[in-house]
Amino acid sequence: MMLQDRVGEVREQFERIFGTRPQTVVRAPGRVELLGNHTDYNEGFVLPAAISMDVLAAGSLRDDEVVAAYSANFDTLVAFPLSSIEKDQVNTWSNYVRGVLHFLKESGVRLQGVNMAISGNVPVGSGLSSSAAIEMAVGFLMQTLIGFEMSGPDLALIGQRAENEFVGVSTGIMDQFVSRLGRKDHALFLDCRTLGYEQVPLETKAIKIVVCDTMKRRGLVDSEYDQRRAQCEEAARLLSQWIPNVRALRDVSKEDFELYKDRLPEVIRKRAQHVIYENERVLKSREVLNVGDYDAFARLLDECHESARDLYEVSCAELDTMVEVSRQAPGAMCARLTGAGFGGCTVSLVRDEQVDAFVDTVRAGYAERTGVTPSIYVCTAEDGASVVQQ
Ligand code: ADP
Ligand code: MG
């Protein structure tokens with residue numbers, strides 16, 4: 001469905017629930033991680049893009065201190081007072097709304113009661129970050145309605161805190177950041193330590209970003225994720241004995257790493273090597289995209305997969321199969337796993353004129369080899385959070 005039709009639909013839903021027209025409608029997109037695999041918690045670099053799938057939020061201010069939020073996806077209305085924002089054990093989706101309002105309030109924003117209707121087409125739990133999209137849609141809606149001053153990075157931080165501390169899911173800052181600050185036909189280069197960022201041209205008319213969902217849910221991901229984090233901290237600690245000023249793997253150049261890597265235990269060395277070279281790839285991607293060298297960019301994505309599979313060991317049979325099938329499909333320029341790993345999605349760059357053939361071939365090829373039909377999303381790089389109707 002086109003954006004305008006979806007906006008019309010969410011306005012109708014708002015009217016049906018609240019009996020009036022919404023003052024405004026905003027949108028905030030999901031995202032795809034193009035490069036920067038497990039670099040965020042190593043204080044390194046990432047390169048995501050905001051995508052065309054998004055969460056819409058229609059809203060109006062109320063005269064009282066009550067928040068009433070309806071999700072069309074869950075067909076549920078919740079209401080709570082701004083004076084005591086509690087966690088909801090039943091309608092857990094509303095904790096994303098509650099968390100954002102809680103941390104806006106805590107940061108000193110003078111909130112007002114609000115009616116809102118939310119409707120998203122970011123697939124939930126597929127690795128395209130519907131959670132960041134709802135957080136940024138709610139935050140941006142409040143900012144648009146009330147008109148308080150808050151920078152994009154600060155609103156992203158509010159969303160991250162809502163997710164980490166209110167919902168209770170630990171994530172980096174990438175998802176919220178790009179959902180708020182992404183730009184059409186650009187990827188976003190982000191330094192996860194300083195939150196410095198740069199819009200990097202990524203023209204998605206001739207080349208599409210295609211996300212293929214293995215349909216394998218990320219089972220082991222929590223324990224394995226914690227273990228990888230600990231191994232990276234250990235690597236940084238060991239390397240800091242020999243290299244000055246190392247606080248995180250972000251601080252280790254590949255030249256220094258090559259000098260000292262043989263002193264590291266094998267598993268620690270492999271983890272560190274992935275992160276250090278992945279940071280190099282993100283830096284390199286900014287250079288090649290700035291001169292429009294999409295073939296070089298595609299090679300970096302391919303290298304990323306090999307490294308995630310062999311050094312960081314976060315791939316799985318389903319992801320490797322999807323990557324193999326994708327790389328052989330018409331129009332494919334590259335393929336890699338995206339996100340934490342152990343299941344979830346791959347991302348490919350695909351030439352636009354062959355994108356339909358790519359999708360058909362990958363769908364059939366993956367189904368033939370695994371017995372499972374994948375979901376496939378053809379994406380473009382889009383703007384971050386924006387007002388779609390005043
Ligand atoms: P994802 O990979 O999509 O971010 P998460 O588990 O992090 O998966 O977040 C998904 C959760 O976000 C959903 O279970 C729901 O609680 C919330 N959510 C996402 N989109 C919506 C929506 N349109 N309406 C209500 N809640 C939503
Ligand atoms: Mg999420």
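The first residue of the sequence shown is numbered 1, and numbering continues consecutively from there. Every number for a ligand or one of its atoms is a count from 1 in the order of the listing. Please read all numbers here as calculations on a predicted model, not as lab measurements.
Judged purely by distance below 3.5 Å, without hydrogens or angles, the side chains of Q273 and R269 pair a donor atom with an acceptor atom. Side-chain N/O atoms of D75 and Y70 include a donor and acceptor closer than 3.5 Å.
Within 6.0 Å of CG on N245 lie no more than 12 heavy atoms contributed by other residues, nucleotides or ligands. When the shell of 6.0 Å around CZ of R351 is examined, it contains 12 or fewer heavy atoms from other residues, nucleotides or ligands. In this structure, E368 places its CD atom where only 12 or fewer heavy-atom neighbours from other residues, nucleotides or ligands lie under 6.0 Å away.
Compare T92, V122, I134 by their heavy atoms: the one nearest to atom 18 (N) of ligand 1 is in I134.
Of all the heavy atoms of S130, the ones lying under 4.0 Å from any atom of ligand 1 are found in both the backbone and the side chain. Residue-level proximity to ligand 1 for V124 is carried by backbone and side chain together, each with a heavy atom below 4.0 angstrom.
When the salt bridge (Lys or Arg N to Asp or Glu O under 4.0 Å) test is applied to D251, the partners found at least two apart in sequence or on another chain are R193.
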- Message: For D185 and T204: C-alpha separation, side-chain torsions, deciding distance, then whether side-chain hydrogen bond (donor to acceptor under 3.5 Å, both in side chains) applies.
- Response: CA-CA 6 Å; D185 283 326; T204 50; 2.9 Å; yes

- Task: Quick one: do E198 and R286 satisfy salt bridge (charged side-chain N to carboxylate O under 4.0 Å, His left out)? Show the steps, please.
- Result: CA-CA 9 Å; E198 190 182 310; R286 181 173 59 167; 3.2 Å; yes

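Residue G125 has at least one N or O atom closer than 3.5 Å to an N or O atom of ligand 1. Taking distance alone, with nitrogen or oxygen atoms compared against 3.5 Å, S131 approaches ligand 1 more closely than that limit. Backbone and side-chain nitrogen or oxygen atoms of N73 are examined, and one is located within less than 3.5 angstrom of a nitrogen or oxygen of ligand 1.
Note on Y41: it does not cluster hydrophobically with V169, by side-chain heavy-atom contacts below 4.5 Å among ILVMFWY residues.
The protein non-hydrogen atom at the shortest distance from atom 2 (O) of ligand 1 is G127 N, 3.4 Å. Ranking the protein heavy atoms by distance from atom 12 (O) of ligand 1 puts Y96 CE1, 3.6 Å first. Looking from atom 24 (N) of ligand 1 to the surrounding protein, the closest heavy atom is S71 OG, 2.9 Å.
Side-chain contact check for I51 versus V211: every heavy-atom pair is 4.5 Å or farther apart.
For a distance threshold of 2.8 Å, the protein N, O or S atoms nearer than that to the Mg ion (ligand 2), listed by chain and number, are S131 OG.
Every atom of ligand 1 with a heavy atom of G120 under 4.0 Å away is listed here by number and element: 23 (N).
Between H38 and H274, the angle of the ring planes goes over 60°, which puts this pair in the perpendicular group of the 30/60° scheme.
In this structure, P123 has a heavy atom closer than 4.0 Å to ligand 1.
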